[in-house]
Amino acid sequence: MDMQKTYNPKDFEDRIYADWEKSGHFRAEIDADKVPFTIMMPPPNITGQLHMGHAMDATLQDTLIRFKRMQGYAALWLPGCDHASIATEVKIVEKMKSEGVTKADIGRDGFLERAWDWKEQYGNRIMLQQRKMGTSCDWSRQAFTMDEKCSRAVREVFVNLYEKGLIYQGDRIINWCPCCKTALSDAEVEYAEEGGHFWHLRYPAADGSTDVVVATTRPETMLGDTAVAVHPDDERYKSLVGKTLKLPLTDREIPVVADEYVDPAFGTGCVKITPAHDPNDFEVGKRHDLPVIRVMNDDGTMNGLAGAYQGLDRYVARKKIVSDLEAGGYLVKIEAHTHNVGHCYRCHSTVEPIVSKQWFVKMEPLAKPAINAVMKNKVKFVPERFSKIYYNWMENVRDWCISRQLWWGHRIPVWYCQDCGKVICTKDDPTVCPKCGSAHIRQDEDVLDTWFSSALWPFSTLGYPDETEDYKYFYPTDVLVTGYDIIFFWVARMIFSGIEHTGKVPFHDVLIHGIIRDEQGRKMSKSLGNGIDPLEVIEKYGADSLRLSLLRGVAPGNDTRYSDTKVEACRNFINKLWNAARFVLMNVGSVKKIPSIETVKLAPADKWIISKLQNCIREVTTNLNKYELGVASDLVTDFVWDNFCDWYIELSKPALYGEDEGRKADALAVLCFVLENALKLLHPFIPFVTEEIYANLPKTKGSIMVAEFPRYNSKMAYKKEAKAFEGVMEIIKAVRAMKKDADCPPSKKVELHIVTDSKRLIQLNKDCIIKLSGASALNFVDSAAEVDGKTVSSVTEIAQIYVPLGELVDVEKEKARLTAEIERIDGEIARAESKLSNANFVNKAPQKLVDAEKEKVKKYQDMKAKCVAQLESL
RNA sequence: GGAGGCGUAGCUCAGUUGGUUAGAGCACUACCUUGACAUGGUAGAGGUCGGAGGUUCGAGCCCUCUCGCGUCCACCA
């Protein structure tokens with residue numbers, strides 16, 4: 001194989017993805033002998049472009065699905081797009097505006113035609129971008145929230161809920177966006193603190209006897225006031241209750257009512273009541289049977305009931321009303337006031353609470369079982385703390401406003417008979433009124449909240465309401481992966497929808513990740529222009545590097561900052577892996593036949609690396625199963641860099657460059673074995689480069705993505721042998737440090753004279769010690785006295801090492817070093833002994849820990865004695 | 001107002017039921033182009049884990065209080 005000296009992902013990422021797609025390995029097959037594992041991809045909006053949030057989503061899900069696929073599960077990752085009703089409509093309207101066309105100009109059908117064109121044009125863009133990330137999802141099952149399948153599920157669910165009385169139509173206060181001209185759900189409103197004013201207004205009594213002062217943040221709504229309320233126990237206003245006030249700027253008179261809602265301690269204790277424009281006032285109005293007077297149009301201008309202010313924009317009207325009030329002597333004072341103002345989550349206009357006839361989903365009966373499911377662990381949030389956020393929302397949720405005054409979306413399946421007024425809601429489109437037979441029936445103009453269809457995603461995409469093979473096999477799904485920002489919008493709604501419509505929770509686990517911030521920790525946003533385009537990162541560093549940087553050291557649920565440096569570090573790791581593979585493959589050619597690992601006579605270093613590998617396999621698997629992807633990726637990268645590259649490859653060199661052909665072949669067998677396993681462990685995280693290398697290994701065939709994920713093999717654990725070998729490694733490290741301390745050039749080979757009880761172990765690894773420590777020879781001696789000339793020395797657990805360095809030896813420095821070492825050891829002994837002298841520790845701590853401390857004391861006392869002896873010999 | 005999070009090396013962050021001497025990457029110091037890799041190697045330096053109490057044989061981790069900084073939810077007109 002011809003491998004470049006440096007890793008260059010551009011050479012192969014696209015090619016490998018194309019091969020994968022061709023291979024059919026992405027497709028999940030129903031297989032009775034396998035266990036299904038299903039992930040539903042959170043459908044990105046058709047208007048969307050790949051951003052870091054998607055990159056994070058994709059990386060986590062792809063890592064999990066590849067892991068499970070390699071473990072032998074029938075792994076389905078189902079991709080798709082969301083029609084994103086309001087977001088898409090806003091964009092299309094914007095585009096039309098630039099062409100000078102309005103919705104009214106082209107009508108509903110014309111608009112929908114444009115919308116579908118838009119979907120065709122942009123709907124696939126993000127799916128193509130996803131491929132760049134290496135996503136191994138089942139494109140053959142790709143879905144769209146408005147495709148036939150999903151639409152049928154929406155219809156089924158709507159009618160069922162309607163028939164159960166869980167969907168109703170009513171005049172209620174909703175959040176109205178005057179810009180998008182549609183109702184919004186509570187979840188679609190974002191609150192932000194804004195500086196505003198508190199206008200104090202005087203309403204005179206009709207009989208002129210007195211007046212009351214009320215305060216408001218929205219003076220224009222006073223035109224819709226139908227009462228003033230005071231607290232029933234408020235002595236100041238008791239006599240006022242039942243009296244009539246004159247509403248300024250109008251010729252209307254309004255009553256004073258008593259209601260518990262009023263807080264007598266706040267403001268003047270008098271509240272103007274505007275049932276059509278405030279949710280609390282609406283409730284007060286209902287209790288007192290007050291008229292509801294809506295004074296604003298859908299576009300935020302004042303309507304005919306606003307009298308002289310008709311046609312004015314809400315803010316223009318506000319200004320004029322205030323000045324008119326002032327002129328009339330009704331304005332008492334203006335206070336500065338900061339308050340939270342709701343904004344449309346799509347266009348960011350200030351929303352108006354307005355009374356309007358809309359469709360609602362009754363939440364209480366749906367929320368209860370959904371709360372239970374999480375309480376009983378049928379659905380588990382990872383990390384667990386997000387279940388509290390979920391409870392908090394679910395327990396306080398209000399009825400869900402699902403109708404939108406938009407055209408792009410699922411049209412509400414309700415018809416009204418023009419003749420008898422019958423409301424018709426059926427699964428099949430009606431042609432005549434079932435009650436009176438009239439053909440004059442008209443469908444509701446509105447469409448459904450986009451999240452109504454997203455809520456059904458885990459089962460609508462699998463064929464619900466039909467009991468399809470896919471549905472039976474893959475549902476419920478296993479894990480949902482998403483950011484904490486859409487728990488309310490989506491996760492919560494999927495949970496109650498799944499339970500209500502399928503009788504099952506839609507997924508067992510919810511893996512929540514944080515958001516990716518910019519390098520300064522700010523949220524990435526269009527307005528700040530601080531977004532980082534994953535495609536550019538991929539272009540520069542490759543998809544594997546980006547993926548790894550999104551995984552390493554990241555804890556579930558925590559936000560993380562994007563950093564070029566981190567991506568670079570990951571790229572460097574992959575380059576390291578690349579070169580390790582290059583090293584192995586370069587040497588493969590020099591051997592006739594590589595034996596199978598089972599037949600190899602393993603050297604101590606071999607057993608050590610295999611032991612480390614087994615440990616790594618076990619830990620990585622455990623952590624992946626716990627969704628600790630950050631820990632898992634750290635473990636496997638550390639294994640490859642530290643254990644395999646920095647140690648084992650170097651340890652293998654004496655064998656590879658030696659004369660013993662058998663030993664050479666054995667070492668190569670171990671190198672191949674470990675590399676192959678490492679690639680498999682890494683594949684879920686960095687799929688491209690592992691595939692590229694894997695294809696070139698001897699004895700591998702097929703794609704690594706369907707290779708078996710390594711399994712822990714206790715026969716290969718070699719715990720004792722690995723521990724013993726670490727004694728050898730300590731000697732190597734000690735010699736390196738000694739040379740460095742003595743300013744001995746690394747290229748200068750030195751003689752090692754060793755006093756030890758572990759002669760056999762050291763003899764077995766003599767070549768390695770010489771090679772890795774930069775020595776020329778290794779001799780065993782019985783004491784320092786046997787070594788000629790001035791030496792530096794070091795004590796490790798299994799050996800005393802003497803290195804004659806002639807002129808380089810600085811006796812004073814050497815004394816100082818030994819003294820410091822003795823001091824350090826004394827500290828360790830003191831620490832351990834103080835623990836052991838504590839009766840409570842000895843009695844209460846686990847025996848294992850007590851024994852370990854005893855061992856430690858013994859070990860350090862032994863080392864100390866040796867250090868003292870060396871010091872004395874100087 | 002309610003809930004939840006964060007504070008650990010110069011920087012960015014890990015640290016899973018409490019248990020050896022608290023880890024990584026980047027940055028830093030010194031040396032090294034040694035036949036995979038300078039996107040590298042070797043050896044280092046760097047932390048009283050925000051603060052104060054408490055529980056425990058033992059606390060970065062558990063409890064209480066406290067300081068600082070984000071987040072979400074609710075919202076008094």
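Proteins come first, then strands; the chains are lettered A, B, ... in the order of their sequence lines, and each starts at number 1.
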Value in whole Å for how far the P atom of B:U21 lies from CE of A:Met863
15 Å
Please find the pair of heavy atoms, one from A:Met363 and one from A:Arg398, that lie closest to each other, and give the distance.
CG-O, 3.3 Å
Here the distance between atom P of B:A36 and atom CG of A:Leu675, to the nearest Å, is 15 Å
Please evaluate the base of B:C37 for a donor-acceptor partner in the side chain of A:Lys5 within a cut-off of under 3.5 Å?
no
State, yes or no, whether a side-chain contact exists between A:Val374 and A:Tyr391 at a heavy-atom distance under 4.5 Å.
yes
Here the distance between atom P of B:C37 and atom CD1 of A:Ile574, to the nearest Å, is 19 Å
Return a single string for nucleotides 72-77 of chain B, one symbol per nucleotide in 5' to 3' order, where B is base contact, S is sugar-phosphate-only contact and - is none, cutoff 4.0 angstrom on heavy atoms.
SSBBBB
Working note: A:Arg287 + A:Asp259, criterion side-chain contact (heavy atoms from CB on, under 4.5 Å); need CA distance, chi angles, decisive distance, verdict.
CA-CA 9 Å; A:Arg287 285 197 284 273; A:Asp259 197 284; 3.0 Å; yes
Check: B:U12 base within 3.5 Å donor-acceptor of A:Arg561 side chain:
no
Tell me whether the OP1 or OP2 atom of B:A36 has a side-chain N or O from A:Lys653 closer than 4.0 Å.
yes
Closest to side chain of A:Asn572, choosing from B:U39, B:A36, B:U16
B:U39
Classify A:Tyr860 by what it touches in the nucleic acid, base, sugar-phosphate, or nothing, heavy-atom distance under 4.0 Å.
base
Aromatic stack A:Tyr657/B:G35: centroid gap under 5.5 Å, interplanar angle under 30°:
yes
Taking the minimum atom-to-atom distance to the side chain of A:Ala569, which one of B:G19, B:C26, B:U21 wins?
B:C26
For B:U20, take OP1 and OP2 only and decide whether either is under 4.0 Å from a side-chain N or O of A:Arg831.
no
Please examine the side chains of A:Val554 and A:Met56, heavy atoms only from C-beta on, and report whether any two atoms are closer than 4.5 Å.
yes
Over 60° means perpendicular and under 30° means parallel, so classify the ring planes of A:Phe381 and A:Tyr390, tilted if in between.
tilted
What distance, rounded to whole Å, do you find between the two P atoms, one in B:C49 and one in B:C61?
9 Å
Table of protein N/O atoms under 3.5 Å from nucleotides 28-31 of chain B N/O atoms:
unit_1: B:A30; atom_1: N3; unit_2: A:Lys740; atom_2: NZ; d: 2.6
unit_1: B:C31; atom_1: O4'; unit_2: A:Lys740; atom_2: NZ; d: 3.3

Can you classify the ring geometry of A:Trp641 versus A:Phe573 as parallel (below 30°), tilted (30 to 60°) or perpendicular (above 60°)?
tilted
A:Thr560 and A:Arg517: side chain donor to acceptor below 3.5 Å:
no
Rounded to whole Å, CG of A:Asp564 lies from C1' of B:A27 at a distance of 16 Å
I need the CG-P distance between A:Leu629 and B:U16, as an integer number of Å.
17 Å
Give A:Thr565 one of three labels, base, sugar-phosphate or nothing, depending on what nucleic acid heavy atoms sit under 4.0 Å from its own.
sugar-phosphate
Out of B:C26, B:C57, B:G19, minimum distance to the side chain of A:Asn838 belongs to B:C57
P gap between B:A38 and B:A52, integer Å:
49 Å
Out of B:C37, B:C57, B:G35, minimum distance to the side chain of A:Lys771 belongs to B:G35
Please report the distance, rounded to the nearest Å, between CG in A:Asp634 and C1' in B:G23.
10 Å
Non-hydrogen side-chain atoms of A:Thr217 and A:His337 separated by less than 4.5 Å
yes
Look at the side chain of A:Lys388 and decide which nucleotide, out of B:U21, B:G4, B:G40, has an atom nearest to it.
B:G4
Heavy-atom nearest nucleotide on RNA chain B for A:Arg736 versus A:Asp642: which residue maps closer to 5'?
A:Asp642
If you check the A:Arg571 side chain, which of B:U39, B:G44, B:U16 turns out closest?
B:U39
Parallel under 30°, tilted from 30 to 60°, perpendicular over 60°: which one fits the rings of A:Tyr484 and A:Phe386?
parallel
Hey, is the side chain of A:Gln4 pairing donor to acceptor with the base of B:A36 inside 3.5 Å?
no
Could you work out the separation of B:C62 and B:A45 based on their P atoms and round it to a whole Å?
31 Å
By nearest atom, which of the nucleotides B:A43, B:A36, B:U21 is closest to the A:Lys835 side chain?
B:U21
Please tell me which of the listed nucleotides, B:A36, B:U16, B:G41, lies nearest to the side chain of A:Asn623?
B:U16
Can you list everything that forms a side-chain contact (heavy atoms from CB on, under 4.5 Å) with A:Asp544? Sequence neighbours excluded, please.
A:Tyr7, A:Glu13, A:Arg547, A:Ile574, A:Ile686, A:Pro687, A:Phe688, A:Val689
For A:Trp400, does the six-membered ring have the charged nitrogen or CZ of A:Arg493 within the cation-pi criterion, i.e. under 6.0 angstrom from the centroid and within 45° of the normal?
yes
Just checking A:Asn843: base, sugar-phosphate only, or nothing, at a heavy-atom cut-off of under 4.0 Å?
nothing
I'd like to know whether A:Tyr345 forms a ring-ring contact (aromatic ring centres under 6.0 Å, His included) with A:His343, so could you lay out the CA-CA distance, the side-chain angles of the two residues, the decisive distance to 0.1 Å, and finally the verdict.
CA-CA 6 Å; A:Tyr345 83 134; A:His343 300 268; over 10 Å; no
With RNA chain B as reference, determine whether A:Asn587 or A:Ala839 sits nearer its 5' end, using the nearest nucleotide of each.
A:Asn587
Contact class for A:Glu650 vs. all strands (heavy atom < 4.0 Å): base, sugar-phosphate, or nothing?
base
Gap between atoms CG and P, on A:Asp646 and B:U42 respectively (whole Å):
4 Å
Nearest-angstrom distance, C1' atom, B:A9 to B:G5:
23 Å
Please state whether the base of B:U12 and the side chain of A:Lys566 form at least one donor-acceptor pair under 3.5 Å?
no
Would you kindly check whether a donor in the side chain of A:Tyr541 faces an acceptor in the base of B:U39, or vice versa, at under 3.5 angstrom?
no
Could you measure between the two P atoms, the one in B:C65 and the one in B:G70, and give it in whole Å?
23 Å
Work out how far the P atom of B:G46 is from that of B:A30, and round it to whole angstrom.
16 Å
With respect to the side chain of A:Lys856, which nucleotide from B:U20, B:G41, B:U71 is positioned closest?
B:U20
Is the side chain of A:Lys664 donor-acceptor paired with the backbone N or O of A:Gly658 at a distance under 3.5 Å, no angle test?
no
C1' spacing across the pair B:A24 / B:U17, given as an integer number of angstrom:
24 Å
A:Glu193 CD to B:G1 P, straight-line distance once rounded to whole Å:
12 Å
The nucleotide from B:C57, B:A14, B:U16 with an atom nearest the side chain of A:Asn558 is B:A14
So what does A:Trp199 touch, heavy atoms closer than 4.0 Å: a base, only the sugar-phosphate, or nothing?
nothing
In a check of side chain to side chain donor-acceptor pair (under 3.5 Å) between A:Thr221 and each of A:Lys272, A:Arg318, A:Glu352, which one passes?
A:Lys272
Categorize A:Lys733 for me: base, sugar-phosphate, or nothing, with a 4.0 angstrom heavy-atom threshold over every strand shown.
sugar-phosphate
